[in-house]
Number of protein chains: 2
Amino acid sequence: MDYIFSNKISSLQPSAIREILKATSDPAVIPLAAGNPAPEAFPVEEVQQLAKEILAEKPIDALQYGVSEGYQPLRETVSGWLKNHENIGKDFDTTLIVSGATQVMDLVTKVLCNEGDTVICEEPSFIGSLNCFRSYGCKLKGVPVEADGMDVNALEEVLKTSENVKFIYTIPNFQNPSGATMSLEKREKLYSLAKEYGVMILEDNPYGDLRVSGTPLPTIKSMDDDGIVIYAGSFSKILAPGLRVAYCVAPQRIAAKMTVGKQASDTHTACLNQMIVDGWFKNYDIDAHLNKIRKVYERKLNLMCDCIDRELGDFVEYVRPEGGLFIWCRLPDSVNMPEFVKKAVDRKVAVVPGSAFLIDDTDETQYIRLNFSTPSDEGIINGVKILGEVAKEYK
Amino acid sequence: MDYIFSNKISSLQPSAIREILKATSDPAVIPLAAGNPAPEAFPVEEVQQLAKEILAEKPIDALQYGVSEGYQPLRETVSGWLKNHENIGKDFDTTLIVSGATQVMDLVTKVLCNEGDTVICEEPSFIGSLNCFRSYGCKLKGVPVEADGMDVNALEEVLKTSENVKFIYTIPNFQNPSGATMSLEKREKLYSLAKEYGVMILEDNPYGDLRVSGTPLPTIKSMDDDGIVIYAGSFSKILAPGLRVAYCVAPQRIAAKMTVGKQASDTHTACLNQMIVDGWFKNYDIDAHLNKIRKVYERKLNLMCDCIDRELGDFVEYVRPEGGLFIWCRLPDSVNMPEFVKKAVDRKVAVVPGSAFLIDDTDETQYIRLNFSTPSDEGIINGVKILGEVAKEYK
């Protein structure tokens, strides 16, 4: 049969990162292309203990259908934690539990956007979110990311000249892929521009707790007196992504529509998994865990930067990020970026071509994204060394 | 702020069933409105053992990111089981693992339908699926359900007179809510009509393994020589819904697009949960389990029918289903159905008004849906008794 696909899905390619991830299931390939949290940061013993207790004490709650809003005790746990931890959550807000933070992007787009509406995003930005917006037939308009975050002057220009803008998508902390963190001044300016132009902000903060240097900055959601910010957070980077538990904080009227959307898309998030996360908060010292995993990430980030400085110091340019999972490296103008990536893969080192993070991935860019959380220390050392050998071919 | 929602979400109401479910979290209400599998049918000890072993032996596989297609060993396990069990799966097919069967409906609609396209469905039909189709801005066209399934003459008329029909949605076994099972002749006719008119079939079979009487019939997917059937199955009714693990079998080209859609909507299904299901198949006797739970459902189905015959025998009409979870009861013409439902809820018995399952839920119907899997035996007996008391008010 000659299948005819919807316009929105026809325009969508498989995520370059996920496709590369599949290619790198070959254990001989050094995975600098992934975005997996460091497995040594998973609280394995705690999850073992929690799963055992939950399935012994409340098996039916864990195995029966739940409600679309999420497991009520976890909703309350997360609300309380966000209030203390980030000063997030006004009286008009509510917290929903979802199946990974990508589902927040999915539900927000479903709820706010008709086909052809515009979403403003940082450029470069996380390919998973861009593909989500594309999967609803949205137009994407990009705003360049500078060392201190989104170029707010360019943002204002885009807001002035675009029609049917429904929201601005931003990853303010250790942005994927650029690693950039938005300054406080820009966060305030972004908020005031969104308010002035009557558009929502979708603040995606998966890496916020992985800060290894510098001073924490307030989230944009913490400034939200007007009910214009939807905040997405996740347990994928601080607990374990395989559980697929994330959350959002949104004004109640929006959250109610997102709940209806979630009913129609996956009914609810797995109960056992939500109970594991809730039990983790109630039985363990989360701050101590975060301090512990930050040390893991600090060590790996510094190791990779040291390796880059040693092996590629006279070849690539990059800004050392204050946290997150990624180093965004600019190759010399004389180098053909896709060719460099191909040569690296041929030598069994996977990196992501920067074009994957652009709105039009046929645009040219000199950047590649390196990840330091997935590989072992040895993988970081050897992987960057091999990139250095590839670089020598261009000298 | 004055929020403006997308057209597709604005037209969507919260699922009446899920809203009623929330109302019935009051333990004093007898839950004849739900569709939960019987908790006594959950293999609790098996899941306890499997979770323990998986988290001890393969904790990183269980907690790290996975691929969007699903956990490869489970994909193979399910493919093999479906081939043996239902003769499902041609060379052109592939199996995907998803987060509950509703996600199959979601991804199929995302992949095949533009806004304004038509989906043909049985009427009445499962509200969750109808809301899913609505959430993509699809037009719904209904085909009446008879005692032996979809009226195929009416189907042909709808196919002849409708534009941009993308697929026909059917629940052939123990349909929700009607309990009807489609005859073999109608399955064959449905297949040949879909082929003739060039539209896909979305076959949803969550209850197929819950047959308690009569003779099993071949699935429509087992007749699929032309690659026009997408088959949705679930572990929610035979293992546990709280795990949120389901699957679909679709022609590879369609499955590839669904995978891209899933990447953009929830990345992948929880790994621990998929590994539990895979371990369940590999370590336990599934056929013995199915025989055991069929006995549970047979007893509860017969108990409810006996209660209805005794308490409501001269009041409602119904066809005894051969399996599934639901009894579809017709109230006398003289009775105001919504008023009857209201009186039942006032007496702490929740049932679903049949209008919830219609394409236009303001249409009138005399039906109510009763569920026998969620309540205890005592709940069935007392619940139907109270409905009998409400009925007396109309005599």
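Chain naming here is simple, since letters A, B, ... match the order of the sequence lines and numbering starts at 1 in each. A quick note: this is a predicted structure, and the numbers were derived from the prediction, not measured.
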Do you know the tightest heavy-atom contact between A:Tyr65 and B:Gly35? CE1-O, 4.0 Å
OG (B:Ser99) and CZ (A:Arg244) are apart, to the nearest 0.5 Å, by 8.5 Å
Take atom CD in A:Glu45; do more than 12 heavy atoms of anything else shown fall under 6.0 Å from it? no
If you look at every heavy atom in A:Leu12 and B:Val260, which pair is closest and at what distance? CD2-CG1, 3.5 Å
Measure distances from A:Leu107 to the heavy atoms of chain B and classify the residue's part below 4.5 Å as side chain, backbone, both or neither. neither
Under 6.0 Å from the ring centre and within 45 degrees of the ring axis: does the NZ or CZ of B:Lys110 meet both conditions for the six-membered ring of A:Tyr136? yes
Shortest non-hydrogen pair, B:Pro241 vs A:Gln64, comes out as CG-OE1, 3.3 Å
Who wins among B:Gly100, B:Ser10, B:Pro39 for the most heavy-atom pairs under 4.5 Å with chain A? B:Pro39
dist B:Asp266:CG -> A:Cys132:SG (nearest 0.5 Å) comes out at 10.5 Å
Hey, does the side chain of A:Lys8 reach the backbone of B:Cys113 with a donor-acceptor pair shorter than 3.5 angstrom? yes
For chain B, which of A:Ala246, A:Ser6, A:Ala264 has the most heavy-atom pairs under 4.5 Å? A:Ser6
Please rank B:Met200, B:Gln274, B:Met105, B:Lys195 by heavy-atom pairs under 4.5 Å with chain A and give me the top one. B:Met200
Please classify the contact of A:Ser129 with chain B as side chain, backbone, both or neither, using a heavy-atom distance under 4.5 Å. neither
Shortest non-hydrogen contact between A:Arg253 and B:Phe5, atoms and distance: O-CZ, 3.7 Å
Heavy-atom contact with chain A under 4.5 Å, split by part of B:Ile276: side chain
Less than 4.5 Å to any heavy atom of chain B: does that hold for the side chain of A:Asn114, its backbone, both, or neither? both
Answer with side chain, backbone, both or neither: which region of B:Val199 has an atom nearer than 4.5 Å to a non-hydrogen atom of chain A? backbone
Should we say atom NZ of B:Lys58 is surrounded by more than 12 heavy atoms from elsewhere, each under 6.0 Å from it? no
Show your reasoning for whether side-chain contact (heavy atoms from CB on, under 4.5 Å) applies to A:Leu112 and B:Ile4. CA-CA 7 Å; A:Leu112 294 181; B:Ile4 300 170; over 6 Å; no
CD (A:Glu196) with more than 12 external heavy atoms under 6.0 Å: yes
To the nearest 0.5 Å, how far apart are CD in A:Gln263 and OG in B:Ser135? 11.0 Å
For A:Phe42, is it the side chain, the backbone, both or neither that has a heavy atom under 4.5 Å from a heavy atom of chain B? side chain
Best-contacting candidate, B:Ile60, B:Leu239, B:Asp106, B:Ile9, against chain A by heavy atom pairs under 4.5 angstrom: B:Ile9
For B:Lys52, which atoms come within 4.5 Å of any heavy atom of chain A: side chain, backbone, both, or neither? neither
Pair B:Leu55, A:Val44 - check side-chain contact (heavy atoms from CB on, under 4.5 Å), show working. CA-CA 8 Å; B:Leu55 288 169; A:Val44 171; over 6 Å; no
Under 4.5 Å heavy-atom distance to chain B, tell me which part of A:Ala62 shows up: side chain, backbone, both or neither. backbone
Check each atom of A:Leu243 against the heavy atoms of chain B and say whether the ones under 4.5 Å are side chain, backbone, both or neither. both
Return the CG to CG distance between B:Asn273 and A:Leu272, rounded to the nearest 0.5 Å. 6.0 Å
Output the option from B:Val98, B:Asp117, B:Leu63, B:Thr102 having the highest count of non-hydrogen pairs under 4.5 Å with chain A. B:Leu63
